2 protein chains.
Amino acid sequence: MDFTSESAVTNADKTYIQLRNDIVEGRITAGTKLSEVELSTNYSVSRAVIREAINRLMACHLVERKANVGARVVTLSPEGLEQLYQVRESLEGMAARLAAKHMTDQEIADLQQLLNAHFDKQVQAGESYYQEAGDVDFHYRIIQGSKNQHLISVLVNGLYHLVRMYRVQLGMAGPRVTTAFDEHLHIVKAIANRDEELAEILMRRHILYSKNNVQTKLLNHSNLKGQ
Amino acid sequence: MDFTSESAVTNADKTYIQLRNDIVEGRITAGTKLSEVELSTNYSVSRAVIREAINRLMACHLVERKANVGARVVTLSPEGLEQLYQVRESLEGMAARLAAKHMTDQEIADLQQLLNAHFDKQVQAGESYYQEAGDVDFHYRIIQGSKNQHLISVLVNGLYHLVRMYRVQLGMAGPRVTTAFDEHLHIVKAIANRDEELAEILMRRHILYSKNNVQTKLLNHSNLKGQ
DNA sequence: TTTTAAAACTTTGTCGACAATATAGAGAGC
DNA sequence: GCTCTCTATATTGTCGACAAAGTTTTAAAA
């Protein structure tokens, strides 16, 4: 699940990752003010490393800071979700295009095998499996397959944490399991055929569908909370 | 030129901007090791603010850091340029699409007027004008016109500094002046017609052309340096 | 002469204290 | 009773010093 296998050598690294997970997974709720002293006692580190962690969280749009005032965890909103998925559509579409160009035959074979494995598990677990891990795995591999460092960095180190935050906090389970799987199949097929154009189009459409799905969920969510 | 009109309230802000400019404009050459103590004396601030500045520079891909070793200014390469422009193509294409949807009529009118003004200056200055300021202005407005915060942040606060670095350090003057202007005209026309699809296609093509132009320049550049 | 290991040194990572800015509260004036 | 100002308090921004990790130098052994 922590699909980046990021190496945390320094103390600031570890604190950043901890804090990030606590935010993404809702243990620190959206909109909360982040007090540096409070955090430094909670995480048992000095304010300096907390500040560095917060700076990194700003870089991936998980917190916002106003000078001399402080940092707050971002708040989730339908507009934010819309905009996030627009960027995903754009970047991951390009990633699929580049993956069709740059992935090795071996990598493509591995990807197909991954889908097969997920399909098996899905059958076993009664369709409830292919919701989180499988999807993330799939998208992550294609992003890596683009072999584009900027793309990889912006998506994996940046936006994907926010994506995960929306997913977790909206309690992503639900339909769209099987259909998403089929879409993944078609995308891989296009990549295997080295059809860059089609790979991009299919990926964009896939994310567009995904957006609509998540958006309705968000609306239900806020409706429930509103009552 | 400093088209972001970013507000630098804190000392770290100012130092970040100074350092960034010194890197982008080549006063600190690509590949240089960034010594924290040396910088802190040069910029007359403590190591803490230097560290914060370096962290922000990492976020926009202008420096890379290895833990316990130090930070280096990135080195420019044909591959890096290619990858950078692939991301630009993707994101700015989406920006144009969204601009066609979300820009107000007034904003579009302003944009057309901007192009006209640039055209006049271009005639006066004998075609050498429309190389930097005009181009940046144009792209910046469309990015803003997308009204997508993530898009704006990734491009303006992130990748565009690297784009500028390539431009400055390759000494961007040269042809492609008039053709780029025409392409801009067509893009604005598509936006004015609210033709999202076409706006995206034209912008992507525009950046693709631009990439090819810059790439040949980079090749010449490295050839010259190699001799 | 080459290789290896240890010690000296340089650089980064972390910390606690001080300075500057913003927020909250009390009190005076209207 | 309300508003405005001034003061007190709390929080962030900045600094210099110490700790830890990496790098270079030096010297000894093969």
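Because the structure is predicted, anything quoted here is derived from the model rather than measured.
For the pair B:Glu38 CD and C:dT10 P, the computed distance is 14 Å after rounding to whole Å. For A:Glu52 and D:dG13, the CD to P distance is 15 Å, given to the nearest whole Å. As rounded to whole Å, 15 Å separates atom P of C:dT10 from atom CZ of B:Arg47. If you measure from atom CG of A:Asp13 to atom P of C:dT14, you get 8 Å, rounded to the nearest angstrom. Per the geometry, CG belonging to B:Asn68 stands 15 Å off P belonging to D:dT24, to the nearest Å. Atom CZ of A:Arg51 and atom C1' of C:dT14 are 14 Å apart (whole Å). Here D:dG22 presents its P atom at 15 Å from CZ of B:Arg65, a figure rounded to the nearest Å. We find that OH of A:Tyr16 is positioned 16 Å from P of C:dG13, with the value rounded to whole Å.
Residue A:Ile50 is out of contact with every strand shown, counting any heavy-atom pair closer than 4.0 Å. Counting any heavy atom pair closer than 4.0 Å across all strands shown, A:Ile54 reaches no nucleic acid atom.
At distances below 3.5 Å, not a single donor-acceptor pair connects side-chain atoms of B:Lys33 with backbone N or O atoms of B:Arg72.
The side chain of B:Lys33 approaches C:dT11 more closely than any other nucleotide in the set C:dT11, C:dC15, D:dT14. Here the nucleotide nearest the side chain of A:Val37, chosen from D:dT12, C:dT14, C:dT12, is D:dT12. If you check D:dC15, C:dC15, D:dT12 against the side chain of A:Val49, the one that comes closest is C:dC15.
Geometrically, A:Arg164 does not engage A:Tyr166 in a cation-pi contact, judged by NZ or CZ lying under 6.0 Å from the ring centre and within 45° of the ring axis.
Each of B:Met94, B:Arg88, B:Glu89, B:His139 was scored for a side chain to side chain contact (heavy atoms under 4.5 Å, CB included) with B:Met203, with one residue passing: B:His139.
One side chain, A:Asp110 or A:Gln106, offers a donor N or O that lies under 3.5 Å from an acceptor on the other.
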